[in-house]
Amino acid sequence: MSIQGTCAPQFAEVRAEFERNFAERGEVGASVHVTLDGEPVVDLWGGVADPATGQLWSEETIVHVWSCTKAATALCAHMLASRGALDLNAPVTEYWPEYGAEGKDTTLVRHVLSHQAGLPALTEWLPAGAFYDWDLVTAALAAQKPLWQPGTRHGYHGLTFGFLVGEIVRRVTGLSLGQFFEKEVSGPLGLDFWMGLPEDLEPHVAHTIPVDPTQPGILLPSLFITALTQPESVPGLMLLNNGGYMTPGESDSRAAHAAEMGAIGGISNARGLAGMYRPLALGGEYNGVRLVEPAQLPQMSNVAVAGLDAVVGVPSRFALGFQKATDNAHLPPNDREGLLLPEEAFGHNGMGGSLGFADPKARISFGYAMNRQGPGLGVNERGQSLVDAVYRTLGYHRTGGGTWFA
């Protein structure tokens, strides 16, 4: 497999693990990017973007990064908070009055960011294509009764997070979530990262290769098993009641790419992911582009909720909109995937294994994006091997719990 790009000699182990992903771990097409002190030290790509045509993964290839998008959406909210335009401790109704229906008037903005809002799924059945209609989904969320008292527990808002946080951003700024992100983040930083992909960029999008659950050795996480066997459950509603978006192949459609879905719809690559986090690894600013003031970074990195996730059914840890290190290696094999990072790091993985994060202590940013999805909910061995190689290179060590420390 021909690997393209550059890698500083110090980080040769990252390149070696990237090559092993193709040779030994079933990688098809992927990119990885790492910055240290703001400078790229790893910028690699390789493999096949479209197995059907044989199109190779190039420097310009972009791909669906799924829930890595949540971090981009959360960043927009934190930028507004850093500017004093959004109070994370205020009721959502201060910005979105209609949201107070059905007892949600006590929901705080921080509850939405930390998956405590009680709206991980919609209970009223959505029509086909509903997730491509922003107003339809946000109105349905505003009208719905929460599935638990907001603020009393956390449960992953896997598909609704982007509509909830994104509508708050829209109410504050007058811009759609995708417009604000492009105007304030991806545009100024020059990132290949979109929530709402322009049509002329479609030829650059790699095709997602989903997991085939019928293949031998595939272990489905408990979330998926519950959704398939109990469609009326919260996991079932989350994965089945989305207007058909989670139907195999639909996420690769032009309609899906064009829609602004701040939980799961982002299109980017490793360079775009690492580039978004680069200012956050450097105190909030890079190359004259300030995303947040330094005082905002603790809100983005400190743990807000931790423990058994009421939706996913395994332990999870979140800051306000970002994932924190979680070691689930003690769980059964199908639920074992977590996120093994130093405690100072914060970011988000995407379904199938993509990942982006910032580590302000180490002053690094990281991005990994690929087209062949793994079956788990966390970061699989392909992405984790790259993370591990970065931290070994930096002289970090593993704790007994599996995470990294300096």
Steps toward side chain to side chain contact (heavy atoms under 4.5 Å, CB included) verdict (Phe366, Asp359)
CA-CA 9 Å; Phe366 176 96; Asp359 185 335; over 6 Å; no
Check the pair Phe357 / Val387 against side chain to side chain contact (heavy atoms under 4.5 Å, CB included), numbers first and verdict last.
CA-CA 10 Å; Phe357 68 86; Val387 173; 3.9 Å; yes
Going through the checks in order, is the side chain to side chain contact (heavy atoms under 4.5 Å, CB included) test met by Ile168 and Leu80?
CA-CA 10 Å; Ile168 295 171; Leu80 295 174; over 6 Å; no
After noting the C-alpha distance and the side-chain angles of Leu340 and Val379, does the key distance pass the side chain to side chain contact (heavy atoms under 4.5 Å, CB included) rule?
CA-CA 8 Å; Leu340 305 181; Val379 177; over 6 Å; no
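Among residues at least two apart or in separate chains, there is no ring-ring contact (aromatic ring centres under 6.0 Å, His included) pair with a member in residues 249-306.
Leu386 has its side chain out of reach of Leu355: every pair of non-hydrogen atoms, C-beta onward, lies at least 4.5 Å apart. Looking at Thr73 and Met195, their side chains come closer than 4.5 Å, going by heavy atoms from C-beta outward. In this structure, the side chains of Phe131 and Ser251 stay at 4.5 Å or more apart for every pair of heavy atoms. Side-chain contact check for Leu177 versus Val165: every heavy-atom pair is 4.5 Å or farther apart. You'll find the side chain of Tyr156 stays beyond 4.5 Å of the side chain of Leu377, heavy atoms only. Taking the side chain as every heavy atom from C-beta outward, Asp309 and Val311 approach each other to under 4.5 Å. Contact of the Met276 side chain with the Leu75 side chain is registered, since non-hydrogen atoms from C-beta on lie closer than 4.5 Å. Looking at Leu44 and Arg15, their side chains come closer than 4.5 Å, going by heavy atoms from C-beta outward.
With hydrogens and angles left out, the side-chain atoms of Thr326 and Ser316 include no donor and acceptor closer than 3.5 Å. Using modelled atom types and a 3.5 Å distance limit, the side chains of Ser222 and Thr226 yield no donor-acceptor pair. Side-chain contact check for Trp57 and Gln4: no donor-acceptor pair (N or O, by modelled atom type) lies under 3.5 Å. Side-chain N/O atoms of Ser114 and His154 include no donor and acceptor closer than 3.5 Å. Between the side chains of His78 and Gln296, at least one donor-acceptor pair of N or O atoms lies under 3.5 Å.
Judged by distance alone, with hydrogens and angles left aside, the side-chain atoms of Thr138 form no donor-acceptor pair with the main-chain N or O of Phe163 at under 3.5 Å. In terms of modelled atom types and a separation under 3.5 Å, the side chain of Asn328 and the main chain of Pro315 share a donor-acceptor contact. Listed for the Gln323 side chain is a donor-acceptor partner under 3.5 Å among the backbone atoms of Asn349. Looking at His111, its side chain does come within 3.5 Å of a backbone N or O of Leu108 through a donor-acceptor pair. Side-chain atoms of Thr107 never come within 3.5 Å of backbone atoms of Val92 as a donor-acceptor pair (strictly under, hydrogens ignored). A donor-acceptor pair under 3.5 Å links the side-chain atoms of His348 to the main chain of Ser67, judged by distance alone. Side-chain atoms of His157 come within 3.5 Å of backbone N or O of Leu119 as a donor-acceptor pair. Side-chain atoms of Trp96 do not come within 3.5 Å of backbone N or O of Glu167 as any donor-acceptor pair. Using a distance-only test at 3.5 Å, with no hydrogens or angles considered, no donor-acceptor pair links the side chain of Asp252 to the main chain of His207. One N or O on the side chain of Asn269 and one on the backbone of Thr61 form a donor-acceptor pair closer than 3.5 Å.
The pair Arg271-Asp43 counts as a salt bridge, with a side-chain nitrogen and a carboxylate oxygen less than 4.0 angstrom apart. In summary, Glu260 and Arg170 do not engage in a salt bridge, as defined by a charged side-chain N under 4.0 Å from a carboxylate O. A salt bridge is absent between Arg20 and Glu381: the closest approach of a Lys/Arg side-chain nitrogen to an acidic carboxylate oxygen does not fall below 4.0 angstrom. Between Arg290 and Glu285 a salt bridge is recorded (basic side-chain N to carboxylate O distance below 4.0 Å).
Looking at residues two or more places apart in sequence or on another chain, you find no salt bridge (Lys or Arg N to Asp or Glu O under 4.0 Å) involving Glu182. For Glu337, there are no salt bridge (Lys or Arg N to Asp or Glu O under 4.0 Å) partners two or more places apart in sequence or in a different chain.
Remark: of the listed residues Val211, Val28, Ile209, Val211 is the sole one forming a side-chain contact (heavy atoms from CB on, under 4.5 Å) with Gln373.
Closest approach of Ala142 and Ala101 over heavy atoms only: O-CB, 3.5 Å.
With values rounded to the nearest 0.5 angstrom, Thr208 atom OG1 is found 13.0 Å from Arg372 atom CZ. Atom-to-atom distance recorded for Arg382:CZ and Phe18:CZ is 10.5 Å, nearest 0.5 angstrom. A distance of 4.0 Å separates CE of Met246 from CE of Met351, quoted to the nearest 0.5 Å. Here Gln384 contributes atom CD and Tyr368 contributes atom OH; the two are 11.5 Å apart, rounded to the nearest 0.5 Å. In this structure, CZ in Arg392 is found 12.5 Å from CZ in Phe11, a value given to the nearest 0.5 Å. With rounding to the nearest 0.5 Å, the separation of OG1 in Thr173 from CZ in Arg83 is 9.5 Å.
Using a 30° and 60° split on the angle between ring planes, Phe181 and Phe193 fall in the perpendicular class, above 60°. Relative orientation of the Tyr245 and Tyr132 rings is perpendicular, given thresholds of 30° and 60° on the angle between their planes.
No more than 12 heavy atoms of other residues, nucleotides or ligands lie within 6.0 Å of CD in Glu199, so this atom counts as exposed by the packing criterion.
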